[in-house]
Amino acid sequence: MSRATAAARDTAGPSGAPAASSRPPAGAAGVPGAASGTTGPPLATAEASPRSARLGAWAELLRLPALFTVPGDALAGAAAAGVRPGPRTLLAIGSSLCLYEAGMALNDWADRAEDAAERPHRPLPSGRIRPAAALTAAGALTGAGLALAAGAGRPALAVAAPLAATVWAYDLALKHTPAGPAAMAAARGLDLLLGAAATGGGTRAALPCAALLGSHTLAVTAVSRRETTGGSVLAPLAALATAGALTGLVARRRTRLPAGRRAAAAPGLSGSTPAPAVTDALAAALGAAYAATAARPYFHAALNPSPPLTRRAVGGGIRATIPLQAALAARSGASATSLLVAALAPAGRWFAKRSAMRKVSIT
């Protein structure tokens, strides 16, 4: 899904980012220095290199490091609904991952002509993946996402269906229109509601958190529209103001706990939640981490809206999604869930480094 979500990467470099396949993983056959003093048979080398290149091309197309920004949506939604994550939450996460990747593949299929001129290194214009294969993958992943949501129950499917429709509408029609950022924000908000619907059966209690996450996504997407050209001061300034407002909201205002959680939090009952002071402090700390991740690159892009700094601002906004999701979970009183979500940030950085994909694009 082309959500800013959206989005798990150290720097946002859609333009000029080296193709993943140009840096094969260490230890691959045929890579100089992969195994000191040893070489594999010529046939094995010839077979491994094309296979590694194909896998690298698909990893680049699907923006695998960005996947670490996705599970936090469902987990924050479950926390907002006042229900502990369970098997249906896992189904919601699986559905979200599939729909996200469907959007990523569809994004490149829809933008293949534009990318041929502006980003010729990408998998489709470079010829490493056929357009028909990308479109087929988008359709298959969408079907898988809806099937997983159906497994989580009718309420989850009722959210996943409009989410899938939003993804396809954004990539095929809305991306380059004034409605594009709003569509992206709606997709990320629906993704959070998917976790709430799958886990708790309802979405009403999760609407405030969905609105906050959607506001963040709206700001990041507005900045991303100038990734290749730069020149926009207003968008990063607006994103900086949004980050400040969200930091205050997640740190200072607690969501009123649903009835089930208020009862569980009563003294002496098993499964009681931490004291409000603990979750308030955790939400404040995670909110500060969100601000620290997003604010500095936004500020730099506002001072000098060049394409490199604009892309870095988008990267900061995407990385900030995870601490924001964690802060929203803490804001809802789910400290364990918030810490689990927060752990996705270093995991995503480690994966991006190991897979030689520190720079991936979400547009």
Got a donor-acceptor contact below 3.5 angstrom from the [X] side chain to the [Y] backbone?
X: Ser95; Y: Gly145; value: yes
X: Glu101; Y: Leu141; value: no
X: Arg63; Y: Leu61; value: yes
X: Arg204; Y: Ala81; value: no
X: Thr337; Y: Ala334; value: no
X: Arg311; Y: Glu227; value: yes
X: Thr89; Y: Gly86; value: yes

Report task. Begin from the C-alpha positions of Met104 and Val167 and carry the test side chain to side chain contact (heavy atoms under 4.5 Å, CB included) through to its verdict. Result -> CA-CA 9 Å; Met104 289 297 186; Val167 170; over 6 Å; no

Report task. Could you state whether Ile322 and Leu286 fall into the same hydrophobic cluster, counting links through intermediate Ile, Leu, Val, Met, Phe, Trp or Tyr residues with side-chain heavy atoms under 4.5 angstrom apart? Result ->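 Ile322 and Leu286: separate clusters.
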
Requested in this report: Determine, using the 4.5 Å side-chain heavy-atom cutoff (strictly less than), whether Leu97 and Phe68 are members of one ILVMFWY cluster.
Outcome: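 They do share one cluster, since a chain of ILVMFWY contacts under 4.5 Å joins Leu97 to Phe68.
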
Query raised in the report: Are Cys98 and Thr142 close enough, and set up right, to give a side chain to side chain contact (heavy atoms under 4.5 Å, CB included), and what steps lead you there?
Result: CA-CA 6 Å; Cys98 288; Thr142 300; over 6 Å; no

If you measure only the distance, is there a donor-acceptor pair under 3.5 Å linking the side chains of [X] and [Y]?
X: Asp191; Y: Ser96; result: yes
X: Ser215; Y: Thr242; result: no
X: Thr321; Y: His216; result: yes

Query raised in the report: Where do Asp111 and Lys175 land on the side chain to side chain contact (heavy atoms under 4.5 Å, CB included) test, with the steps shown first?
Result: CA-CA 10 Å; Asp111 286 353; Lys175 180 178 179 180; 2.4 Å; yes

Requested in this report: State whether Trp109 and Arg112 meet the cation-pi test: NZ (Lys) or CZ (Arg) under 6.0 Å from the six-membered ring centroid, and within 45° of the perpendicular axis.
Outcome: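 Because its charged atom sits under 6.0 Å from the ring centre and within 45° of the axis, Arg112 does stack over Trp109.
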
Report task. Supply the atom-to-atom distance Leu309 CG to Tyr298 OH, rounded to the nearest 0.5 angstrom. Result ->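 Output value for this atom pair is 14.0 Å.
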
**Report entry** Rounded distance [0.5 Å steps], CZ in Arg84 versus OG1 in Thr199
**Finding:**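 Output value for this atom pair is 13.0 Å.
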
Query raised in the report: Under the criterion salt bridge (Lys or Arg N to Asp or Glu O under 4.0 Å), which of Arg122, Arg128, Arg130 is the partner of Asp108?
Result: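 When Arg122, Arg128, Arg130 are each tested with Asp108, the salt bridge (Lys or Arg N to Asp or Glu O under 4.0 Å) holds only for Arg122.
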
